[in-house]
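See below for the structure under consideration.
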Amino acid sequence: MSALLAGKTALVLGVANRWSIAWAIAQAFQREGAHLILTYQGERQRLTVEELAGELDGAECFSCDVTQEAELTALRSRLEATGKPLDVLVHSIAFANREDLSRPFVETSRDGFALAHDVSAYSLVSVSRTVAPLMSSGGSIMTLTYLGAQRVVTNYNVMGVAKAALEASVRYLAADLGAQGIRVNGISAGPIKTASARGIKDFSSVLDAVASRAPLKRNCEPGEVADTAVFLASDLGRGVTGNVLYVDAGFQIMGL
Ligand code: NAP
């Protein structure tokens, strides 16, 4: 079978290290022949991301803190300067204050609520607006979400509410951008051990609960999320927009 993403250029936001879901996606995209552009948030992450990009054929790296409008404008200019249209955007970014992921949700501060929504939900809107004009032949935008958007998951708290806003944003963006041939979808991944996940109190008990109750009797793997991202990025996913696809070993279907 020929490579599914040959000739496509993909921008991937959210590679922090080898354990990042975005890194698994970048590797799967490379396997399928895509040209990769990665971003990092500030100087602190630059070396790590540049080192990882060095493992991908000809990948480029740009700086982008999604909370800074000036950085989004600079990202747009750097993408334009490549002279190539953009085909795929992967938004794999989230942040909430650690204390908001351990105390009761009702204690969430105004600032903590705003910060979690700005980084984890609004950024999909602002980055989509930034890159949509570069998707001159249509494109695929995808984001990473979690079951906590739909159900109460202990300690997920304000991040669950931000993910609900993110999933609604997927639908509104899909409706706005569909006429330009741009599809917008979410992948709802099961719990995976990453740096962000470590910020959630008692995360290991979530992993244990999924492994015991999910239909597949295990947790999902980053590579499974990445292969779903390949599907959405490729022409195989051409009829799919405004959706949230669960890659969670089936956990979300289970009741008692
Ligand atoms: P991760 O490796 O820690 O990735 C999170 C990324 O968000 C990091 O690269 C982080 O950069 C970036 N980020 C945070 N604030 C940013 C900002 N202002 N500007 C630019 N980038 C920023 O963790 P992950 O688990 O792979 O998370 C990726 C996505 O998957 C998130 O949306 C997460 O909610 C979602 N997800 C994760 C799981 C799971 O169990 N792990 C399950 C379902 C969904 P820095 O490191 O530089 O801060």
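In each ligand, atom 1 is the first atom listed, and ligand 1 is the first ligand listed.
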message: As a test of reading the model: which residues have a non-hydrogen atom less than 4.0 Å away from ligand 1?
response: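 Within 4.0 Å of ligand 1, the protein residues are Gly14, Val15, Ala16, Ser20, Ile21, Gln41, Arg44, Gln45, Cys64, Asp65, Val66, Thr67, Ser92, Ile93, Ala94, Val119, Leu144, Thr145, Tyr146, Lys163, Ala189, Gly190, Pro191, Ile192, Thr194, Ala195, Ser196, Ala197, Phe203.
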field: Heavy-atom check, side chain of Arg31 versus side chain of Val230, under 4.5 Å
entry: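 Yes, at least one pair of side-chain atoms sits under 4.5 Å.
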query: So which pairs with a foot in residues 46-67 pass side-chain hydrogen bond (donor to acceptor under 3.5 Å, both in side chains), sequence neighbours left out?
result: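 Only Arg18-Glu55, His35-Glu60, Glu43-Arg46, Arg46-Glu50, Ser63-Glu71, Asp65-Thr67 qualify under side-chain hydrogen bond (donor to acceptor under 3.5 Å, both in side chains).
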message: Salt bridge or not between Arg129 and Asp176? Use side-chain N to carboxylate O under 4.0 Å.
response: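 Not counted as a salt bridge, because no side-chain N and carboxylate O are separated by less than 4.0 Å.
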Side-chain polar contacts of residues 137-147 - donor-acceptor pairs under 3.5 angstrom, sequence neighbours left out - could you list them?
residue	atom	partner	partner atom	Å
Ser140	OG	Leu232	O	2.9
Thr143	OG1	His91	O	3.2
Thr143	OG1	His91	ND1	2.8
Thr145	OG1	Glu167	OE2	2.7

field: Closest approach of Asn219 to Ala211 (non-hydrogen atoms, all atoms of both residues)
entry: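 Minimum heavy-atom separation between Asn219 and Ala211: ND2-CB, 3.7 Å.
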Salt bridge (charged side-chain N to carboxylate O under 4.0 Å, His left out) involving Arg103 - partner list, sequence neighbours excluded: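 With sequence neighbours excluded, Arg103 shows a salt bridge (charged side-chain N to carboxylate O under 4.0 Å, His left out) to Asp100, given in chain and number order.
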